[in-house]
S.K.: 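Sharing a structure here in structure tokens format.
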Amino acid sequence: MIASKIRFINPMGLHSRPCATFSKMAKKFDCNVRLVNKEKEADGRSMLALMKLGIVHNSAITLLCEGEQEKEASEILSQYLSTLVEEAG
């Protein structure tokens, strides 16, 4: 299992559009993908579950990837989450 700590910098938080994009990306990998915000944890393949995490600007979140493609998933998904400023407008 790979755990990546990420500071979420999008001023709009993790709203519906980036949730949809993230869940589509997560579905492409042969591994379990989970996001953790405080004590809440969600399946990275579920847009609704991700939205319920309440990730806002400057949240400290953890990306968990476990399975056959965990390394690739962790690299690509953590990069997406940590650089998600361009979707703020």
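Any value given below was found using the heavy atoms of this structure, including those in side chains, with hydrogens, waters and symmetry copies removed.
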S.K.: So, for Cys31 and Ala73, which heavy atoms are closest and what is the spacing to 0.1 Å?
M.R.: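 That closest heavy-atom pairing would be SG-CB, 3.6 Å.
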S.K.: Are Met51 and Leu14 close enough, and set up right, to give a side chain to side chain contact (heavy atoms under 4.5 Å, CB included), and what steps lead you there?
M.R.: CA-CA 7 Å; Met51 289 181 67; Leu14 192 61; over 6 Å; no
S.K.: Taking all heavy atoms of Ser4 and all of Ser74, pick out the closest pair and write down the distance.
M.R.: OG-OG, 2.9 Å
S.K.: Test your reading of the model: is there a side-chain donor-acceptor pair from His57 to the backbone of Ile9, 3.5 Å cut-off?
M.R.: yes
S.K.: Quick one: does any side-chain atom of Gln69 pair with a main-chain N or O of Asp30 as donor and acceptor, under 3.5 Å?
M.R.: yes
S.K.: Tell me if a side-chain donor or acceptor on Ser82 pairs with a main-chain N or O of Ser78 at a distance below 3.5 Å.
M.R.: yes
S.K.: So, the side chain of Ser59 versus the backbone of Val56: is there a donor-acceptor pair under 3.5 Å, distance only?
M.R.: yes
S.K.: Is there a donor-acceptor pair closer than 3.5 Å between any side-chain N or O of Gln79 and the backbone N or O of Ile76?
M.R.: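 Side chain of Gln79 to backbone of Ile76, a donor-acceptor pair under 3.5 Å: no, none is there.
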S.K.: Pick out which of Ile55, Leu50, Leu53 makes a side chain to side chain contact (heavy atoms under 4.5 Å, CB included) with Cys19.
M.R.: Leu50
S.K.: Do Arg34 and Asp43 have side chains that get closer than 4.5 Å, going by heavy atoms?
M.R.: yes
S.K.: Answer with yes or no whether the hydrophobic clustering places Leu64 together with Met47; edges join I, L, V, M, F, W, Y residues whose side-chain heavy atoms lie under 4.5 Å apart.
M.R.: no
S.K.: Apply side chain to side chain contact (heavy atoms under 4.5 Å, CB included) to Tyr80 and Leu63, showing your working.
M.R.: CA-CA 11 Å; Tyr80 174 74; Leu63 171 67; over 6 Å; no
S.K.: To the nearest 0.5 Å, how far apart are CD in Glu70 and CD in Glu75?
M.R.: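 Output value for this atom pair is 11.0 Å.
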S.K.: Phe22 and Leu35: side chain to side chain contact (heavy atoms under 4.5 Å, CB included), yes or no, with the steps?
M.R.: CA-CA 11 Å; Phe22 183 87; Leu35 271 183; 4.2 Å; yes
S.K.: Say whether Met25 and Ile6 are linked into one hydrophobic cluster, either directly or through other cluster members, by side-chain heavy-atom distances under 4.5 angstrom.
M.R.: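 Yes, same cluster.
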S.K.: Just how far is it from atom CZ of Arg45 to atom CZ of Phe29, taken to the nearest 0.5 Å?
M.R.: 9.5 Å
S.K.: Provide the closest heavy-atom pair for Gly13 versus Pro18 in the form atom of the first, atom of the second, distance.
M.R.: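 The answer is O-CG, 4.4 Å.
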S.K.: Mind checking the CG-CZ spacing from Leu84 to Phe8? Nearest 0.5 Å is all I need.
M.R.: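 Spacing of CG (Leu84) from CZ (Phe8) equals 4.5 Å.
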S.K.: Mind listing the closest non-hydrogen atom pair of Gly44 and Ala26 along with its distance?
M.R.: O-CB, 3.6 Å
